[in-house]
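Here the structure comes first, spelled out in structure tokens, and everything after it is commentary.
Heavy-atom basis, side chains included; hydrogens, waters and symmetry copies ignored.
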Amino acid sequence: MNIAAKKILLKTRKQVFGEMLGNNASIFQGEGFEFAELREYAYGDDVRKIDWKTTAKLRKPYVKIYHEERELNVVVSTMLNGSTWFGTERPKSEYMAELVALLGFSAVKNSDLFSHIIYADKLYHYSKPSKKIFSVGKELEEALNFDPLGKRGDFRGWADTLFKRVKKKSLMFLISDFVGEVDLRLLSRKHDVFVLIVRDRFEENPRPLGYLRLVDPESGQSFEGDVGSGAMMAYKKALRANDQRLYRHLRKNGIRYVKLFTDEEPFAKLTKRMR
């Protein structure tokens with residue numbers, strides 16, 4: 001294991017095992033033992049669930065709803081296409097690898113099954129579900145050692161592959177910079193989906209660069225010319241439009257999401273958003 005992987009592993013393990021990242025053990029409701037809420041009786045409810053004390057007090061039948069106690073299947077999938085190679089503080093791909101470790105340790109701590117999937121223009125890696133702590137280190141290395149250069153991001157193929165390959169209902173974390181057309185409707189109907197948008201601050205607020213030569217990290221094609229204020233304004237307008245479409249889509253389909261920047265610590269922000 002290289003030095004970068006060891007540093008991330010030690011840091012994320014200390015954070016997660018010092019404080020739990022979210023309370024994922026009871027997000028599904030069903031026939032468990034942990035009390036969730038009271039609600040008014042509806043036709044077809046099991047009469048054995050009626051809370052007679054509340055029913056007598058409110059003069060309407062009420063039933064108790066419980067959180068289901070079940071083992072979660074936690075799936076973390078990273079879209080490691082060429083654009084994730086970029087970063088002013090550190091590459092987005094490295095930041096995404098840290099997120100894999102955070103979420104993996106969280107799943108292991110909760111005694112849930114953890115698996116990791118790497119995708120770009122096609123499926124590159126799919127680990128078997130595991131509860132073993134060593135599996136987190138293995139998947140961190142897989143993400144760090146993956147070379148995203150020259151790989152285009154196929155969001156449609158990503159969603160289709162996850163829908164077909166992940167059979168069991170899962171808590172699914174999708175990690176990407178999400179620049180492109182995204183459709184997660186089918187996936188969100190089958191799984192509980194949480195989107196992690198990873199960006200570098202320079203991407204969102206770039207400054208004029210002058211005359212230079214650029215290379216597209218996905219296609220390898222180069223551009224040489226003046227990247228002035230006009231080009232930057234057009235770029236920022238296009239990115240805002242991309243994000244507005246993305247946010248509308250996620251909210252419409254009940255998908256939780258958080259945006260994370262490469263210069264900030266992800267643990268506190270994720271903990272707050274998960275609760």
Side-chain angles (χ1 to χ4, degrees), residues 4-5 7-9 11-12 15-16 21-22 74-107 114 116-121 124-125 136 139-149 151-155 158-159 162 171-182 184 187 193-206 216-218 235-236 238-247 249-251 255-274:
K7 285 182 177 179
I8 293 173
L9 203 64
K11 172 187 171 184
T12 53
Q15 287 174 327
V16 172
L21 179 62
V74 178
V75 177
V76 180
S77 184
T78 45
M79 165 66 82
L80 291 175
N81 54 312
S83 65
T84 65
W85 190 74
F86 174 79
T88 54
E89 293 294 326
R90 57 172 164 159
K92 289 184 287 185
S93 56
E94 182 182 308
Y95 192 87
M96 291 176 180
E98 181 172 332
L99 293 174
V100 171
L102 276 174
L103 296 167
F105 279 133
S106 176
F114 162 68
H116 175 222
I117 297 168
I118 295 176
Y119 201 93
D121 52 337
Y124 283 92
H125 174 75
V136 180
E139 295 314 311
L140 170 63
E141 283 193 285
E142 287 285 350
L144 283 175
N145 292 335
F146 185 80
D147 183 9
L149 282 176
K151 298 177 177 65
R152 293 183 179 273
D154 179 3
F155 288 101
W158 189 28
L162 292 174
L171 175 57
M172 185 174 287
F173 294 92
L174 305 182
I175 308 173
S176 171
D177 55 16
F178 287 96
V179 179
E181 293 296 325
V182 179
L184 303 175
L187 205 59
V193 178
F194 195 110
V195 161
L196 283 70
I197 306 162
V198 175
R199 297 277 175 83
D200 188 276
R201 292 197 189 273
F202 187 84
E203 283 182 296
E204 305 230 327
N205 191 30
D216 185 335
E218 290 195 6
Y235 163 80
K236 286 193 279 188
L239 186 62
R240 283 196 299 270
N242 175 90
D243 287 355
Q244 287 169 0
R245 286 194 305 271
L246 175 64
Y247 298 153
H249 175 69
L250 297 177
R251 287 192 290 264
I255 299 171
R256 293 174 291 168
Y257 64 93
V258 63
K259 181 181 281 188
L260 299 157
F261 292 95
T262 55
D263 64 345
E264 64 184 358
E265 286 294 332
F267 178 74
K269 200 168 184 178
L270 267 180
T271 303
K272 183 179 180 181
R273 188 66 184 89
M274 286 291 293

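Judged as a side-chain hydrogen bond (donor to acceptor under 3.5 Å, both in side chains), and not counting sequence neighbours, E142 has no contacts. The salt bridge (charged side-chain N to carboxylate O under 4.0 Å, His left out) check on E204 picks up R199, K259, with sequence neighbours excluded. Under the ring pair (Phe, Tyr, Trp, His ring centres under 6.0 Å) criterion, Y247 pairs with Y257, sequence neighbours left out. By the salt bridge (charged side-chain N to carboxylate O under 4.0 Å, His left out) test, K7 is found to be paired with no residue, residues two or more places apart in sequence or in another chain being considered. Residues forming a side-chain hydrogen bond (donor to acceptor under 3.5 Å, both in side chains) with R152 (at least two apart in sequence, or on another chain): none. Taking the salt bridge (charged side-chain N to carboxylate O under 4.0 Å, His left out) definition, one finds that E264 meets it with R201, K269, sequence neighbours left out. Contacts of D154 classified as salt bridge (charged side-chain N to carboxylate O under 4.0 Å, His left out), with partners at least two apart in sequence or in another chain: none. The ring pair (Phe, Tyr, Trp, His ring centres under 6.0 Å) search around F146 returns Y124, not counting sequence neighbours. With sequence neighbours left out, F261 forms a ring pair (Phe, Tyr, Trp, His ring centres under 6.0 Å) with no residue at all. With sequence neighbours excluded, the residues satisfying side-chain hydrogen bond (donor to acceptor under 3.5 Å, both in side chains) with D200 are T88, T262. In this structure E141 satisfies the side-chain hydrogen bond (donor to acceptor under 3.5 Å, both in side chains) test with no other residue, sequence neighbours excluded.
Taking every heavy atom of both residues into account, T12 and A101 meet most closely at OG1-CB, 3.5 Å. Shortest non-hydrogen contact noted between E139 and F114 is CG-CE2, 3.9 Å. T84 approaches P148 most closely through the heavy-atom pair OG1-CB, 3.6 Å. The minimum heavy-atom distance between P266 and Y95, with the atom names listed, is CB-OH, 3.3 Å. Nearest heavy atoms, W158 versus I175: CH2-O, 3.8 Å. Taking each heavy atom of A97 and A143 in turn, the nearest pair found is CB-CB, 3.8 Å.
Side-chain contact between E218 and D121 is absent, with no heavy-atom pair separated by less than 4.5 Å. L9 is listed as a side-chain neighbour of F105, based on a closest heavy-atom distance under 4.5 Å. Contact annotation: the side chain of I197 never approaches that of D243 to less than 4.5 Å [non-hydrogen atoms, C-beta and beyond]. Residues V100 and F173 are not in side-chain contact: their nearest non-hydrogen atoms beyond the backbone lie 4.5 Å or more apart. Side-chain contact between V195 and V182: absent, with no pair of heavy atoms (C-beta onward) separated by less than 4.5 Å. Looking only at side-chain heavy atoms (C-beta outward), L102 and Q15 come within less than 4.5 Å of each other. When side chains are defined from C-beta on, Y235 counts as touching E203, because their heavy atoms get closer than 4.5 Å.
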(message) Show, in sequence, the C-alpha distance, side-chain angles and deciding distance for S83 and V179, and conclude whether the side chain to side chain contact (heavy atoms under 4.5 Å, CB included) test is met.
(response) CA-CA 9 Å; S83 65; V179 179; 5.9 Å; no

(message) With side chain to side chain contact (heavy atoms under 4.5 Å, CB included) as the criterion, how do M79 and M96 come out once you've worked through the C-alpha distance, each side chain's angles and the decisive distance to 0.1 Å?
(response) CA-CA 9 Å; M79 165 66 82; M96 291 176 180; over 6 Å; no

(request) Run the numbers on E94 and I8 for side chain to side chain contact (heavy atoms under 4.5 Å, CB included), then give the verdict. (result) CA-CA 9 Å; E94 182 182 308; I8 293 173; 4.1 Å; yes

(message) Using side chain to side chain contact (heavy atoms under 4.5 Å, CB included), reason through N242 and F178 one step at a time and then give a plain yes or no.
(response) CA-CA 9 Å; N242 175 90; F178 287 96; 5.6 Å; no

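When each of T78, L174, L103 is checked for a side-chain contact (heavy atoms from CB on, under 4.5 Å) with L196, only L103 meets the rule.
Looking at T271, its side chain does come within 3.5 Å of a backbone N or O of F267 through a donor-acceptor pair.
For the salt bridge (Lys or Arg N to Asp or Glu O under 4.0 Å) condition, no pair includes a residue of residues 76-85, sequence neighbours left out.
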